[in-house]
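Report on one structure; see the data block that follows.
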2 protein chains.
Amino acid sequence: MDDMEILEQARARIIETKSNNMSLYGVTPSIGRLYCLLFFSDKPLTLDEMKEELGMSKASMSLAVRTLLELNMVEKAWRKGVRKDLYVVNDDPYQRFFDYFSTKWRLAATTNTKATEKTITELQELITNPDTSDEVLEQAKLDMEKLENWREYYDWLNRLIDSMETKEILDFIPIRRENQTDKDKPGI
Amino acid sequence: MDDMEILEQARARIIETKSNNMSLYGVTPSIGRLYCLLFFSDKPLTLDEMKEELGMSKASMSLAVRTLLELNMVEKAWRKGVRKDLYVVNDDPYQRFFDYFSTKWRLAATTNTKATEKTITELQELITNPDTSDEVLEQAKLDMEKLENWREYYDWLNRLIDSMETKEILDFIPIRRENQTDKDKPGI
DNA sequence: AACTTTGTTTAATACATATTAAACGTATTA
DNA sequence: TAATACGTTTAATATGTATTAAACAAAGTT
């Protein structure tokens, strides 16, 4: 096996693993493979190049790229004299992780909070209303307790997402730089 | 609209919102509805009761419950004299969140770390081998840099998941208790 | 042991989503 | 303005996953 084959095989392993695990970000393996293609590419790619490389249609590439753009996993690039749209990976895994939370999870937290608060208000009215039957009253009280527990959790979740957006989370879980050069090390 | 209808409608809103947002946990809306059914139920339910309530087959309920069990979102319950299996929700949203990370995300982090480290080793050999062609050598060096960046990130991700498993994350993002009773409050 | 009850697996079906070819709109070039 | 290049949308198809009925296995009851 020559050296080029070794390199290809090494990349193939990463692509295989990565494109499957990307289901955690809610994307399909084929979108994951596109991400990996861009990841290993040393230059921005066009839709035609992607289509060629992955053997898929241009329409698929267009949709896949849009998905990755929405997740902030790829970015548009620009090159003088090139009319076609070019794309490169956003090669910061931390940012990718944080962006995912500040879009998808934030949306869920917001939606849930709204529904929960509206419902809590309604239940409150039901509970204070003297016409409410005993059976419904008891159920409403139980539901209230559960929903307030959830509301508290969504508040916590929002603060967790805040800490990712502001990167304050890195104060708590610091990045351990590997090839730390001398000038980066704290002084004696 | 009588009080029972108001209660039902209130629950319906939560169920609607929640069962859709649960796609973040990688489960389908129908599994989400099952989770909500158990959430609002004031007693453990059997497969037959779930099937009845949601109008689905017993086989579906069996599969759905297993999925929720794997995610630690429901637990088996037991009642004297009841032969059928009983299930209740694990009603701790924080725990549910943490469990999700310590299973799904941990698995991804572990898998990716292994693939990445194995590949880094291979690339290292390729780089130190004097027979490697210049073209491959250059590519290998670029790949190395990217992969080491990722390895660092997986290390960070693992430590984040650690902090959820140990709940140390709550030292950084504390829970804001709402109906805090006097005895819970810190002394003067 | 024979008969029930309960939960799971299997194989078939229904449903949803990913993918594509073709039509379309828009910008660029000549 | 006509002609070309490019990306997106649309409508149809392919593929995969969710769901179910029926067969099966395991445990409980008589």
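The chains referred to below are lettered A, B, ... by the order of the sequence lines, with proteins before strands, and numbering in each begins at 1. When reading the values below, keep in mind they use all heavy atoms of this one structure, side chains included, and skip hydrogens, waters and symmetry mates.
Remark: B:Gln9 CD is loosely packed, at most 12 non-hydrogen atoms of other residues, nucleotides or ligands lying under 6.0 Å away. By the neighbour-count criterion of 12 heavy atoms within 6.0 Å, atom NZ of A:Lys104 is sparsely surrounded, having that number or fewer from other residues, nucleotides or ligands.
Residues B:Phe98 and A:Trp156 place their aromatic rings such that the two centres sit under 6.0 Å apart.
Here B:Glu16 does not pair with B:Arg33 in a salt bridge; the nearest charged N to carboxylate O distance is not below 4.0 Å. Contact check on A:Arg106 versus A:Glu165 returns a salt bridge, with a Lys/Arg side-chain nitrogen under 4.0 Å from an Asp/Glu carboxylate oxygen. Taking the charged nitrogens against the carboxylate oxygens, A:Arg177 and B:Glu152 do have a contact shorter than 4.0 Å, which makes a salt bridge.
The aromatic rings of B:Phe101 and A:Trp105 sit tilted relative to each other, their planes meeting at an angle between 30° and 60°.
A heavy atom closer than 4.0 Å to some atom of DNA chain C occurs in A:Thr28, A:Ser30, these being the qualifying members of residues 22-53 of chain A.
Put simply, CG on B:Leu63 is 9 Å from P on D:dT19, counting in whole angstrom units. Rounded to whole Å, the distance from CG on A:Leu86 to P on D:dC6 is 11 Å.
Partner of A:Lys76 under the side-chain contact (heavy atoms from CB on, under 4.5 Å) criterion, out of A:Val65, A:Leu86, A:Asp85: A:Asp85 alone.
The side chain of A:Arg66 contributes an N or O atom lying less than 4.0 Å from OP1 or OP2 of D:dT9.
Chain B approaches DNA chain C within less than 4.0 angstrom (heavy atoms of the protein), and the contacting nucleotides run 5' to 3' from C:dT5 to C:dT9.
Between A:Arg83 and A:Ala59, the residue anchored nearer the 5' end of DNA chain C, judged by the nucleotide with its closest heavy atom, is A:Ala59.
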